[in-house]
Participant: 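Quick one: structure below, then a few questions.
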Amino acid sequence: MSPSQPRGLPAEDEVRALVERILDGVVETPQSEPEASLKKSSPVTQPGEEGIAIGADHGGYPLKERIAFKLKEAGWEVTDCGTDSHEAVDYPDFAHAVARKVADGECRWGIVIDGAGIGSSMVANKVPGVRAALCYDISSARNSREHNHANVLTLGAGLIGEGLAWQIVEEWLATEWGGGRHARRVSKIDSIDKRYSNPE
């Protein structure tokens, strides 16, 4: 209990959880069963066989190397999609490579890093089946997974330091997809995706 919290009153996070449960049961109208892929999944707190594809342009290369090292050290299976030097390259090539690994089912997750993270997010989201989120703090990382079912994370190496970047990655991987009322909304995202996707 915090010093400012009156004795006997519930903590703020407990109140928030109670309100969310009430809203889930009262405000939201019953919906049809969401697609299997949108059902609530288990937390991804431990490394497993489902790998992570990671890529970056020259601006994100040093941070990519550090994050890939930490992921491998933690036991994750990491597929490095490049780049492999500080030489100038084009971020769309690497964002696309990572997004395809996720869309094709070769890797469950994707992480792409460039200077600001914006361009890579735009590129990744052009690939059908990918829901890429640019995250810049712990809250956006958690929200993108819990609410938006993101499967690709993009980071801006020029905007955040290595310490915060790793905290974002950890939170993003550890946060489970919330399902519930969010499933209907993500299903609509996927429906729009399919509407504008052209078969290869």
Side-chain angles (χ1 to χ4, degrees), residues 13 16-17 20 23-24 28 34-48 50-56 60 63-64 67-68 70-71 74 76 78 81 91 94-103 105 107-194:
D13 56 347
R16 288 180 185 273
E20 185 167 345
L23 290 175
D24 281 344
E28 297 292 335
E35 297 177 21
S37 63
L38 297 182
K39 292 180 181 177
K40 191 170 181 179
S41 59
S42 59
V44 191
T45 54
Q46 297 296 324
E50 299 162 319
I52 301 173
I54 189 167
L63 182 56
K64 175 192 70 100
I67 289 177
K70 286 176 174 285
L71 288 169
W76 289 95
V78 177
C81 297
Y91 65 83
F94 303 95
H96 182 222
V98 169
R100 282 302 302 264
K101 292 285 185 187
V102 174
C107 295
R108 182 174 182 183
W109 312 109
I111 299 173
V112 193
I113 309 166
D114 64 26
I118 300 169
S120 290
S121 180
M122 290 179 175
V123 173
N125 278 313
K126 297 293 184 184
V127 178
V130 168
R131 291 178 297 275
L134 166 60
C135 298
Y136 41 84
D137 58 19
I138 302 300
S139 294
S140 58
R142 186 183 306 119
N143 186 280
S144 74
R145 282 288 306 127
E146 183 180 346
H147 291 204
N148 311 122
H149 205 0
N151 52 14
V152 172
L153 167 68
T154 70
L155 299 169
L159 304 178
I160 57 175
E162 181 185 322
L164 177 56
W166 178 242
Q167 288 179 327
I168 290 170
V169 169
E170 285 188 305
E171 185 70 21
W172 193 80
L173 289 171
T175 301
E176 68 176 307
W177 156 233
R181 70 186 190 278
H182 307 301
R184 184 178 74 258
R185 295 154 188 168
V186 172
S187 181
K188 288 184 176 182
I189 293 175
D190 290 346
S191 294
I192 293 169
D193 186 321
K194 292 172 184 174

Participant: With under 30° as parallel and over 60° as perpendicular, where do the rings of Trp109 and Trp172 fit, or are they tilted in between?
Facilitator: perpendicular
Participant: By side chain to side chain donor-acceptor pair (under 3.5 Å), which residues pair with Gln167, not counting sequence neighbours?
Facilitator: none
Participant: For Ala183, does its backbone N or O pair with a side-chain atom of Ser187 as donor and acceptor, under 3.5 Å?
Facilitator: no
Participant: Would you check if the side chain of Thr175 reaches a backbone N or O of Glu171 as a donor-acceptor pair within less than 3.5 Å?
Facilitator: yes
Participant: Quick one: does Leu71's side chain get under 4.5 Å of Leu173's, heavy atoms only?
Facilitator: yes
Participant: With a 3.5 Å distance limit and no angle check, can you tell me whether Asn151 reaches the backbone of Arg131 through a side-chain donor-acceptor pair?
Facilitator: yes
Participant: Which pair of non-hydrogen atoms, one from Val186 and one from His149, has the smallest distance, and what is that distance?
Facilitator: CG1-CB, 4.0 Å
Participant: Taking the side chain as every heavy atom from C-beta outward, state whether Leu63 and Glu162 have any atom pair closer than 4.5 Å.
Facilitator: yes
Participant: Mind listing the closest non-hydrogen atom pair of Gly110 and Val102 along with its distance?
Facilitator: N-CG2, 3.6 Å
Participant: Quick one about Asn143 and Ser140 (side-chain donor to acceptor, distance below 3.5 Å, no hydrogens or angles considered), yes or no?
Facilitator: no
Participant: Would you check if Leu134 and Ile118 make a side-chain contact, meaning some heavy-atom pair closer than 4.5 Å?
Facilitator: yes
Participant: Could you report the tightest heavy-atom contact between Ala95 and Val112, atom names first, then the distance?
Facilitator: CA-CG1, 3.7 Å
Participant: Just wondering, do Trp166 and Ile67 contact through their side chains at under 4.5 Å, heavy atoms?
Facilitator: yes
Participant: Checking the side chain of Arg145 only, and the main-chain atoms of Ala150 only, is there a donor and an acceptor separated by less than 3.5 Å?
Facilitator: yes
Participant: Between Ser144 (side chain only) and Ala141 (backbone N and O only), is there a donor and an acceptor less than 3.5 Å apart?
Facilitator: yes
Participant: Okay, side chain of Asp114, backbone of Tyr91: is any donor-acceptor separation there less than 3.5 Å?
Facilitator: no
Participant: Would one find more than 12 heavy atoms of other residues, nucleotides or ligands at under 6.0 Å from atom NZ of Lys70?
Facilitator: yes
Participant: Restricting to non-hydrogen atoms, name the atom on Glu146 and the atom on His182 that form the minimum distance, rounded to 0.1 Å.
Facilitator: O-CD2, 3.8 Å
Participant: Identify the two heavy atoms, one from Asp193 and one from Gly129, that lie closest to each other, and give their separation to 0.1 Å.
Facilitator: OD2-N, 3.1 Å
